[in-house]
Amino acid sequence: MDAQTLDYDFDEEGIGFGEPLTPEVDAPAGLSLGERGALTLVGLGALSLIVQWAGGPLAGTWVGFASSFGLMFVGGALTFWLASTGTSAGIRNDGTRFRSLFARGTAGWIAGILMTGFYVLLYWYPETLGHPTNGAEPTGLVRVVDPLARLMTNSPASQWFLYGVLYTGAIAVFGVRMLMKYRHNRYQQIRTLSVTFFQAVFAWFLPNLLLYFQKPYMEFNGVWPLKYDYLWPDKIGQLQEAGGLGIFLLFWAVVVALIATPVLTYLYGKRWYCSWVCGCGGLAETLGDPFRQLSSKSTGAWQLERVLIHAVLALVLLITAVVWSNHHFGYLGSWTEPLKQGYGFYIGAVFSGVVGVGFYPLLGNRVWCRFGCPQAAILGLIQRLFSRFRITTNGGQCISCGNCSTYCEMGIDVRAYAQRNENIVRSSCVGCGVCAAVCPRGVLRLENGPPGDRYENADKPLVALVQSLQSTEIHGYEPWKGCPSDSDPVRQSS
Amino acid sequence: MHVVILGNGVAGVSAALKLRELQPAWEITIVSGESKYHYSRPALMYIFMGHMRYQETKPFADSFWAQQRLELVRAWVTRIDTSEKKLELHGQAPLGYDQLLIATGSKSNKFGWPGQDLDGVQGLWSLQDLKLLYANAERARKAVIVGGGLIGIELAEMLHSRGIHVTFLVMESSYWNNILPDGESGMINREIRAHGIELRLETQLDHVVDDGTGRCRAVVTNHGDEIDCQIVGLTAGVSPNIAVLEGSDIEAGRGVLVDGNLRTSAPDVFAAGDCAEIRAKGDERNTIQQVWYTGKMQGEFAARGLAGKATGDYDSGIYFNSAKFLDLEYHTYGLVGRHIAGEENLYWEHPNGKHAVRIVYTDEGVIGLNTMGLRWRHEVCERWLRDRISVDEAVRRLEEPYFEPELYFRHEPFIRRAFSEALQQPTEGAL
Ligand SMILES: Cc1cc2nc3c(=O)[nH]c(=O)nc-3n(C[C@H](O)[C@H](O)[C@H](O)COP(=O)(O)OP(=O)(O)OC[C@H]3O[C@@H](n4cnc5c(N)ncnc54)[C@H](O)[C@@H]3O)c2cc1C
Ligand code: SF4
Ligand code: SF4
């Protein structure tokens with residue numbers, strides 16, 4: 001043994017490796033002219049927004065809206081566009097683990113606190129954002145989107161209208177980022193276009209159109225029990241009173257929840273909703289994409305996830321049952337109100353909003369989807385038990401590098417399956433396809449096929465599920481054993 | 001029974017896990033000097049590039065080893081004493097064994113170039129090497145990589161990603177064309193250059209220039225060109241790491257010599273993975289397999305031997321492998337580029353130069369497949385090769401191995417047309 005090797009006492013666990021301290025490159029490779037221009041637009045937009053927020057002159061006019069949010073959205077999209085042009089298409093995660101914002105560093109914490117803070121204001125102190133109280137005119141930030149609100153809903157802007165603009169804008173702008181980042185990957189591109197479309201049209205334009213015609217509000221891509229009140233008696237009553245359109249909406253809500261959900265999940269897995277249609281998923285897959293590596297891959301997190309998400313599902317089912325039986329028999333009177341409000345507050349606002357989005361920079365982009373969403377729980381059960389969807393692994397090609405697990409936003413240890421040549425059939429998998437995209441050896445493929453060949457005992461899914469519940473751990477490596485085939489004599493004899 | 005496994009790479013760990021399964025009651029110890037826990041060596045580059053943290057390159061959680069009752073010892077073994085059945089450890093008390101598995105992996109080749117031991121000159125195999133690269137990269141604006149193999153291109157990509165200018169010296173007339181046919185190799189040349197890495201073909205290292213302080217300042221090529229650099233990456237292949245055999249009576253050739261059961265010449269000592277050299281039956285050459293999947297296979301196979309449950313001779317089946325050259329994915333199955341007597345090739349390349357398929361065949365059927373920038377299914381490729389389907393049938397069944405992500409453009413119609421045309425003109429079909 002040479003002396004240099006024996007001297008080696010580096011503590012790879014404790015100190016780790018971190019970012020290489022390479023010297024700054026001389027050439028001004030930094031920002032191109034176009035990028036600087038685009039960023040200037042964002043800056044001008046932000047400036048204009050602040051001036052208007054503070055009560056400056058343009059607030060409440062179209063010019064004001066265009067010079068603030070308009071410039072920021074356009075500038076943001078352009079920045080992402082230009083940042084990618086001139087670079088070659090492919091997986092570019094260089095430096096992801098070094099950047100403070102994306103590695104839970106100081107910048108990450110600041111972003112987390114700001115985003116959480118925004119949600120707190122939005123839910124509980126909307127007046128600070130300028131939300132009008134008692135029929136007054138909107139002020140501050142809310143006033144900036146007022147012209148758009150009047151055009152779209154024929155009424156003054158509220159904090160929720162502002163939220164809708166920001167939310168849809170964020171999906172669109174960061175959608176451009178996704179389109180550019182994955183310009184070599186059609187699955188990612190089409191999926192991104194899909195979530196952007198469903199947010200812009202189903203969750204934003206059409207619901208606001210309903211408001212314009214003073215019909216009950218409904219997001220067309222929202223499904224009970226994620227939108228927990230869509231099948232509660234109050235909402236249904238409201239819809240029934242709203243005439244023919246109301247009946248159609250009611251029909252839509254029931255069909256999506258009770259028919260489309262199981263059928264589409266059987267055919268394509270949970271992904272048809274979670275990473276193609278859902279609004280929460282849409283934000284997670286666009287604005288949240290840079291934070292996906294922060295999801296915990298620990299067994300503890302997996303156990304917590306299984307308990308929490310099913311507890312929330314049980315809770316919403318219970319509350320739905322209680323409100324309906326009370327609706328018919330009335331034995332609880334108005335006592336169900338605190339129940340409904342409590343769920344709305346703790347689960348609807350705190351969990352899905354404040355924690356779910358506010359914690360993107362701290363716990364990853366799918367906290368709500370993974371630990372809380374009752375719709376995800378239902379879809380997950382169907383996916384696990386009765387679905388054609390699975391992720392197939394490509395024979396013995398896995399080198400256990402860990403890219404797939406690192407970039408799985410749902411915290412699935414994809415590698416644990418891939419290195420054993422096993423399919424990945426997990427209830428939490430939202431089918432985002434990023435594990436397959438980042439795999440440097442082309443090992444993973446999202447597929448639909450006969451449900452029975454997805455895993456051992458898949459023809460008896462309940463039995464298999466119970467068996468698998470007895471352990472959350474997957475052990476060891478599995479070397480490639482050659483392709484299975486009936487005509488293979490070696491295989492038959494072993 | 002106490003089994004000691006020397007080396008916690010993929011071969012050692014595969015063996016330990018299989019042995020635990022076969023012999024639940026035995027005592028199993030893994031000794032390794034490089035790291036406390038097993039990590040994925042092919043993932044080294046991603047740590048440096050910031051795709052993953054070191055912790056994420058570990059295929060198993062730290063708690064896993066205790067659960068499996070696998071004892072981990074972090075130490076460098078300095079000598080194997082086969083008569084006393086013990087390992088001498090650097091700075092620690094010796095460790096006795098009843099059976100031993102040697103799985104010490106590979107080390108980077110150095111060919112005695114003048115200046116190869118200067119500071120700033122290094123290979124890339126271990127975590128030590130990676131740490132050294134961190135130190136060397138701190139002062140580097142330019143790097144020269146010597147040797148155009150798989151690790152060389154990864155090292156080039158790593159340094160390039162940090163804004164270091166990389167000059168890549170390749171001895172062959174085209175990147176890796178000792179292994180790859182011209183089509184694929186040419187694609188990679190273009191890929192390397194498109195990324196802004198300077199590729200110099202038919203160029204070898206002559207010597208490394210000292211800056212006067214024992215550190216490299218430049219390299220001089222066989223053409224007499226001097227290239228300034230602060231890092232020299234030596235990636236001209238690897239060879240079995242058998243330093244630990246010094247002073248023991250275990251027979252070694254290029255690697256640790258083993259029989260078809262992966263037994264060494266010493267009683268109760270096995271070897272597996274990159275370090276093992278399997279003696280050939282008859283007049284063929286001995287086998288040394290230096291890839292990840294064979295490490296897994298050999299490790300598992302050796303565990304059967306250790307457990308007293310060996311079955312037949314080790315056989316790694318039909319060869320396969322994969323790599324990624326910057327953004328170009330590459331998969332290979334069977335015999336490609338081996339110039340087998342009577343072989344013919346069908347090669348299709350997309351006009352954009354980013355996707356390619358090669359089918360190698362003889363009169364007896366298909367013997368090899370290559371894909372670039374296109375994913376095919378291992379299982380199907382292997383079945384085609386094992387069943388030796390005819391080339392016509394392969395062209396007919398082109399859709400079968402499709403493993404591209406959903407919604408991707410399908411290239412098969414174009415590939416089929418190209419191949420059918422080529423097959424109709426048999427003499428020109430061979431590219
Ligand atoms: C950068 C890089 C990329 C690669 N990419 C690929 C790829 O894409 N695909 C592929 O198939 N292969 C790849 N390889 C090769 C692959 O990593 C090896 O084939 C594989 O790791 C060999 O496994 P092993 O268990 O035989 O040896 P190793 O992984 O080398 O493990 C040997 C272990 O033995 C220990 N050891 C050695 N000597 C002593 C001693 N005296 N005392 C104590 N401990 C000792 C070391 O600590 C080391 O951990 C790559 C290699 C590198 C370096
Ligand atoms: S499946 Fe791909 S990304 Fe995941 S560990 Fe294996 S090689 Fe790496
Ligand atoms: S397993 Fe893959 S497809 Fe499923 S959620 Fe994780 S990264 Fe997305």
Side-chain angles (χ1 to χ4, degrees), chain A residues 1-2 5-6 8 10 12-13 16-17 19-23 25-26 29 88-91 93-98 184-187 190 298-299 394-397 399-403 405-406 415-416 419 433 436-437 440-442 445-447 473 475-477 479-480 482-485 487-488, chain B residues 13-14 17 33 35-36 40 42-43 46-54 56-57 59 61 68 76 78 90 127-128 130-131 134 137-141 161-164 194-195 243-244 292-293 296-297 300 317 320 322 324 326-327 329 331 375 377-379 382-383 386 403 405-409:
Chain A
M1 302 284 314
D2 62 301
T5 306
L6 291 177
Y8 175 72
F10 175 63
E12 77 280 354
E13 298 289 335
F17 287 86
E19 177 164 18
L21 300 171
T22 40
V25 197
D26 308 322
S88 51
I91 296 299
N93 283 322
D94 299 352
T96 302
R97 278 320 210 164
F98 304 145
H184 59 293
N185 186 320
R186 290 229 306 162
Y187 182 82
I190 295 172
S298 70
T299 322
N394 200 4
Q397 294 282 20
I399 50 167
S400 296
C401 68
N403 274 295
S405 299
T406 303
R415 165 174 56 190
Q419 66 197 4
R441 295 294 177 272
R445 181 166 195 263
L446 282 63
E447 289 188 314
E473 204 89 25
H475 292 307
Y477 280 132
W480 176 239
C483 57
S485 151
S487 61
D488 184 349
Chain B
V13 163
S14 296
L17 293 170
S35 61
K36 182 160 182 209
S40 169
Y46 303 110
I47 302 174
F48 189 85
M49 290 167 68
H51 295 207
M52 283 189 279
R53 292 174 303 180
Y54 168 67
E56 288 152 347
T57 66
Q68 296 290 313
W76 290 109
T78 48
H90 178 70
L127 290 173
Q128 294 100 301
L130 188 66
K131 196 61 198 167
Y134 269 72
E138 273 185 37
R139 59 185 82 210
R141 284 165 195 275
S161 80
R162 299 298 308 175
I164 296 173
H195 274 76
V244 75
W292 186 259
Y293 86 90
K296 263 165 118 171
M297 283 182 175
E300 202 201 62
F320 64 91
S322 53
K324 192 170 179 186
L326 299 151
D327 291 322
E329 283 178 25
H331 293 95
R375 297 176 178 180
R377 203 180 286 266
H378 184 171
E379 219 167 80
E382 188 173 307
R383 194 174 301 132
R386 189 199 56 204
F403 201 73
E406 294 157 301
L407 307 176
Y408 270 37
F409 284 111

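Chain A is the first sequence line, chain B the second, and so forth, proteins listed ahead of strands; every chain is numbered from 1.
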Worksheet item: Highest number of heavy-atom pairs under 4.5 Å with chain B: which of A:G16, A:A437, A:A89?
Response: A:A89
Discussion item. Please rank A:G402, A:C401, A:G90 by heavy-atom pairs under 4.5 Å with chain B and give me the top one.
Written reply: A:C401
Quick check for you: among [options], which has the greatest number of heavy-atom pairs under 4.5 Å with chain A?
| options | result |
| --- | --- |
| B:H51, B:K296, B:E138 | B:H51 |
| B:R53, B:Q128, B:Q68, B:R139 | B:Q128 |
| B:S40, B:A194, B:P42 | B:S40 |
| B:A140, B:A43, B:S14, B:P59 | B:P59 |

Worksheet item: Salt bridge or not for B:E56 and A:R415, using N-O below 4.0 Å?
Response: no
Does any heavy atom of chain A fall under 4.5 Å from the side chain of [X], the backbone, both, or neither of them?
| X | answer |
| --- | --- |
| B:H90 | side chain |
| B:R375 | side chain |
| B:F403 | both |
| B:A137 | both |
| B:L17 | side chain |
| B:E300 | side chain |

Discussion item. Students often mix this up, so state it plainly: with edges at 30° and 60°, are the rings of B:F320 and A:W480 parallel, tilted or perpendicular?
Written reply: perpendicular
Practice prompt. Taking the side chain as every heavy atom from C-beta outward, state whether A:E447 and B:E406 have any atom pair closer than 4.5 Å.
Written response: no
Worksheet item: Would you call B:F48 and A:F17 a side-chain contact if the rule is heavy atoms closer than 4.5 Å?
Response: no
Worksheet item: For the side chain of B:H331 and the backbone of A:R441, is there at least one donor-acceptor N/O pair under 3.5 Å apart?
Response: yes
Item to complete: Check step by step if side-chain contact (heavy atoms from CB on, under 4.5 Å) holds for B:R162 and A:E19.
Response: CA-CA 10 Å; B:R162 299 298 308 175; A:E19 177 164 18; 2.9 Å; yes
Discussion item. Looking at B:K36, I want to see if its NZ is surrounded by more than 12 non-hydrogen atoms of other residues, nucleotides or ligands under 6.0 Å.
Written reply: no
Discussion item. Applying side-chain contact (heavy atoms from CB on, under 4.5 Å) to B:K324 and A:I91, what does each step give before you reach the verdict?
Written reply: CA-CA 11 Å; B:K324 192 170 179 186; A:I91 296 299; 4.2 Å; yes
Worksheet item: Just checking, is any N or O donor in the side chain of B:S35 or A:E12 under 3.5 Å from an acceptor N or O on the other one?
Response: no
Item to complete: Dump the intermediate steps for side chain to side chain donor-acceptor pair (under 3.5 Å) on B:H195 and A:S88, then the final yes or no.
Response: CA-CA 7 Å; B:H195 274 76; A:S88 51; 3.1 Å; yes
Item to complete: Could you walk me through whether A:Y187 and B:Y408 pass ring pair (Phe, Tyr, Trp, His ring centres under 6.0 Å), step by step?
Response: CA-CA 7 Å; A:Y187 182 82; B:Y408 270 37; 8.6 Å; no
Worksheet item: Excluding sequence neighbours, so at least two apart, what forms side-chain hydrogen bond (donor to acceptor under 3.5 Å, both in side chains) with A:N394?
Response: none
Discussion item. Does the Lys NZ or Arg CZ of A:R186 fall within the cation-pi geometry relative to B:F409 - under 6.0 Å from the ring centre and within 45° of the axis?
Written reply: yes
